[in-house]
Engineer: 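Dumping the structure here so I can ask a few things about it.
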2 protein chains.
Amino acid sequence: MDRVTSKDVAKKAGVSQATVSRVINNYPHMKQSTREKVLKAIQELGFTPDQIARSLNMRKTSSIGLIVGDISNPFFAETAKVIISQARKSGFDVILTDTEHESVNLEKSIESLVGKRVEGIIIGSVDLYDSKTRQFAETGFPVVFYNTNIHEDIGNYVVLNNKKGAKVGVKHLVELGHRKIAYISGTLKYSNLSGRLEGFKEALKEYDLPFDKHLIKEFDVSSNGISTFLKAQMEQPNPPTAFFAASDQIAFTVMEAARELGLQIPDDISVIGFDNINISANPFINLTTISQQHRRMASIALENLLTLIKNDNEMIRNVLEPELILRSTTTTPRK
Amino acid sequence: MDRVTSKDVAKKAGVSQATVSRVINNYPHMKQSTREKVLKAIQELGFTPDQIARSLNMRKTSSIGLIVGDISNPFFAETAKVIISQARKSGFDVILTDTEHESVNLEKSIESLVGKRVEGIIIGSVDLYDSKTRQFAETGFPVVFYNTNIHEDIGNYVVLNNKKGAKVGVKHLVELGHRKIAYISGTLKYSNLSGRLEGFKEALKEYDLPFDKHLIKEFDVSSNGISTFLKAQMEQPNPPTAFFAASDQIAFTVMEAARELGLQIPDDISVIGFDNINISANPFINLTTISQQHRRMASIALENLLTLIKNDNEMIRNVLEPELILRSTTTTPRK
DNA sequence: ATGAAAGCGCTAACAC
DNA sequence: GTGTTAGCGCTTTCAT
């Protein structure tokens, strides 16, 4: 069962291949009768144009690449949703790759996507100062980073003002009366988490809170070290009254650990997250958090990419404003 | 800045295009010196082979398609993760499309993917008896359904024994002492949800529980009708003591509605879900549910697809066994 | 061990 | 309006 080609259609319809092509591409100036002849032949043979051949010829694939750190992470799933749906409306398919947070996989993905001649790439997870990716972004190939970037002076991106986000969070806690706040970060290889930590530190200064490096911990999201950390903190003579998690996912782990220790949230400790993924609004979780408007972020990223694809040599950067989402895991400290 | 091609490399290295091709493809019988010459030219020109041209020639794209109903739904995100990671290990990229649960989008996706000459397609959401998709699956194109199928006699698939799953759930509730169980289904256009409802009904018979059609409701996942339904049920003289949700997502909504009504779970009502997505294990949710081993399901789906791609004319069907995941949203009924 | 030439399935001038 | 021809960037016989 060989593939049926436009040549076969042409023969069957008694026309040239060019005419078949014209029908496929809705070329207007054609005799209605020949168009119908061709359409009929296409029907009968069950012909579907080979987009690969088409792409080779036209030097456009109508595909873009989307690279994320972990598609099973709701943040990426929810942003991918937006990008994929919106891309389809503009006639693009998306090749999705998951780096599992390994920068070597990012590089491989880029290579593979470029080889497949995608027209642009959206990248959700990139290490700070990743030199290969930086180099690539500077070739002029349409690339948009979102969520994380390499550096504020490199490439096109749409990110949150993460520093400010952390400050908004600290402000909220301080206003509730908290004076001793622990901070639990994910890996600092990403600009967003690193920015948040910076913001946290700056906020401490602004509110004249003492800086205690033991109150700050860098962890993997999944790490059960979080539980150990929490326990150690709470056993101190003067324990923190609030925990600031650098992401909602981390906050969930903190909440879980707190529960294991028999601590009530928010009565015993306040917990605040960062991202505002969908599930955080669930009433059984109901996490106070900082929104980074991630769906909007994704939408802008795609829009910008399409712009870059159309017009070379643009440069587009967006920095979104954080927003406090007040829910029920934070309250005034005990006593 | 024109693309650099293998022809350019050939010229620069002073060899033929064929030789460049041989280098790219690691053809063994070559003089070491010419290989190095070519490699050097590739380096200097920054040449990356055009996979589109390659695909056209070799009739293989090293891409597969993955079609899901909603990638922001954790079930699909978590299964997509498995499929994408595993596919990459076998040298395949995946083009992901999201149908937003519209069967017309499924059909368009298939068309687009076939046009792009993917080597196979994995489909996570298909309506019962969808005739176009059925037709397509019967052409012999490598297709594997998972999670839902068209009919048990059609196509290749890996699904759960959903009927049995529902029975396992009812058994659990009955053993706890529940005699009046409400059932909240999602749309019945999918084989999995429809199978679960069937299983629920059969289980009622098996345990001699009275069938009351008012206890069964078909809803959209997001529907706030669920809240209305729950309220109506609880205002009855003899309200149900347990609610069986056809998916974890639906169960979350039920839990939410229960909380709004001031009902304690599991003390006032028991709730059981279906799927066992990651977040269900969160201690603040801690949902009793039926596992469909979704990651394993995804892994098998990909494996089977790869088999189909290698060997035509196979026929592979897997039906996985459900498993009760006992957590804390179910207990003995009051009184 | 390497080169020449044909061809994958389509589109795009250019003719008529 | 439609056909002819060349070519997109590779791989693959077939020579040598």
Side-chain angles (χ1 to χ4, degrees), chain A residues 1-42 45-63 111-119, chain B residues 1-42 45-63 111-119:
Chain A
M1 193 182 83
D2 261 359
R3 285 233 116 276
V4 15
T5 74
S6 67
K7 204 171 171 180
D8 302 329
V9 175
K11 199 183 299 171
K12 174 134 192 165
V15 298
S16 78
Q17 225 182 334
T19 298
V20 176
S21 174
R22 292 196 181 98
V23 171
I24 294 168
N25 295 291
N26 293 310
Y27 180 73
H29 314 295
M30 291 191 63
K31 223 160 68 187
Q32 188 57 26
S33 62
T34 52
R35 161 164 289 136
E36 277 161 9
K37 252 191 326 198
V38 172
L39 249 20
K40 185 155 161 278
I42 289 178
L45 294 175
F47 167 74
T48 18
D50 187 322
Q51 301 298 336
I52 295 291
R54 200 156 192 268
S55 293
L56 178 59
N57 193 298
M58 317 210 324
R59 287 163 215 80
K60 73 191 278 311
T61 53
S62 299
S63 300
E111 216 179 296
S112 166
L113 290 170
V114 170
K116 293 206 168 160
R117 297 297 183 256
V118 295
E119 300 186 36
Chain B
M1 191 184 85
D2 260 358
R3 285 233 114 275
V4 15
T5 72
S6 67
K7 206 171 170 179
D8 302 330
V9 175
K11 199 183 298 169
K12 174 134 191 164
V15 298
S16 76
Q17 223 181 335
T19 299
V20 176
S21 173
R22 291 193 183 99
V23 171
I24 295 169
N25 296 289
N26 292 310
Y27 180 74
H29 313 295
M30 290 190 63
K31 225 161 67 186
Q32 189 56 25
S33 62
T34 52
R35 159 163 293 135
E36 276 161 9
K37 253 192 324 200
V38 172
L39 250 18
K40 184 154 161 278
I42 288 178
L45 295 175
F47 167 73
T48 20
D50 187 323
Q51 301 299 335
I52 294 291
R54 201 156 192 267
S55 292
L56 178 59
N57 193 298
M58 317 210 322
R59 287 162 216 81
K60 71 191 279 310
T61 54
S62 300
S63 300
E111 216 178 297
S112 165
L113 290 170
V114 170
K116 292 205 169 162
R117 298 297 183 255
V118 296
E119 300 186 37

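Side chains included, hydrogens not; waters and symmetry mates left out as well; all remaining heavy atoms used. Remember, it's a predicted structure, so these values are computed and weren't measured experimentally. Every chain is numbered from 1, with letters handed out A, B, ... down the list of sequences.
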Engineer: Is A:V15 touching bases, backbone alone, or none of the nucleic acid, heavy atoms closer than 4.0 Å?
Structural biologist: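 Sugar-phosphate only.
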Engineer: By the 4.0 Å heavy-atom rule, please label B:S21 as base, sugar-phosphate, or nothing.
Structural biologist: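 Answer is base: heavy atoms of B:S21 come under 4.0 Å of a base.
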Engineer: When A:D8 is tested against each of A:I42, A:L45, A:V20 for side-chain contact (heavy atoms from CB on, under 4.5 Å), which residue passes?
Structural biologist: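 Testing A:D8 for a side-chain contact (heavy atoms from CB on, under 4.5 Å) against A:I42, A:L45, A:V20 leaves exactly one candidate, A:L45.
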Engineer: 5'-most contact on DNA chain C: B:R22 or A:L56, nearest heavy atom basis?
Structural biologist: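 Its nucleotide being nearer the 5' end, the pick is B:R22.
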Engineer: Just wondering, do B:E36 and B:K40 contact through their side chains at under 4.5 Å, heavy atoms?
Structural biologist: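 B:K40 vs B:E36: side chains apart.
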Engineer: More than 12 non-hydrogen atoms from neighbouring residues, nucleotides or ligands closer than 6.0 Å to NZ on A:K11, yes or no?
Structural biologist: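 No, because the 6.0 Å sphere around NZ of A:K11 holds 12 heavy atoms or fewer from other groups.
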Engineer: State, to 0.1 Å, how close B:T19 and B:V38 come at their nearest heavy-atom pair, and which atoms those are.
Structural biologist: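 Minimum heavy-atom contact is CG2-CG2, 4.2 Å.
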Engineer: Calculate, to the nearest 0.5 Å, the distance between atoms CZ and OG belonging to B:R54 and B:S21 respectively.
Structural biologist: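 Reported value, rounded in 0.5 Å steps: 7.5 Å.
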Engineer: Nearest-Å distance, CD (B:Q51) to P (D:dC8)?
Structural biologist: 18 Å
Engineer: Under 4.0 angstrom, heavy atoms only, what part of the nucleic acid is B:T34 near: base, sugar-phosphate, or nothing?
Structural biologist: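 Counting heavy atoms under 4.0 Å across all strands, the contact made by B:T34 is with sugar-phosphate only.
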Engineer: Would you please name every residue forming a salt bridge (charged side-chain N to carboxylate O under 4.0 Å, His left out) with A:R117, sequence neighbours left out?
Structural biologist: B:D50
Engineer: So A:R35 and A:V15, do their side chains get closer than 4.5 Å, heavy atoms only?
Structural biologist: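 Side chain of A:V15 against side chain of A:R35, heavy atoms only: no contact under 4.5 Å found.
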Engineer: Less than 4.5 Å apart, side chain to side chain, heavy atoms only: is that true for A:S63 and B:K116?
Structural biologist: yes
Engineer: How long is the line joining NZ of B:K60 and P of D:dG9, in whole Å?
Structural biologist: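 From B:K60 NZ to D:dG9 P: 21 Å.
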Engineer: Rounding to an integer number of Å, can you tell me how far A:Y27 OH sits from D:dG1 P?
Structural biologist: 8 Å
Engineer: Rounding to a whole Å, what distance do you find between A:R35:CZ and D:dT2:P?
Structural biologist: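 The answer, rounded to whole Å, is 9 Å.
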Engineer: To the nearest angstrom, how far is B:I24 atom CD1 from D:dT12 atom P?
Structural biologist: 11 Å
Engineer: If we only count heavy atoms from C-beta on, is the B:I52 to A:Q51 side-chain gap below 4.5 Å?
Structural biologist: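 B:I52 does not reach A:Q51 side chain to side chain.
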Engineer: For DNA chain C, which nucleotides open and close the run of contacts to chain A, 5' to 3', at under 4.0 angstrom from a non-hydrogen atom?
Structural biologist: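 The protein-touched segment is C:dG9 to C:dA13.
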Engineer: Polar-atom pairs under 3.5 Å, protein N or O versus N or O of nucleotides 5-7 of chain D: list them with distances, or write none.
Structural biologist:
unit_1	atom_1	unit_2	atom_2	d
D:dG7	N2	A:N57	ND2	2.2

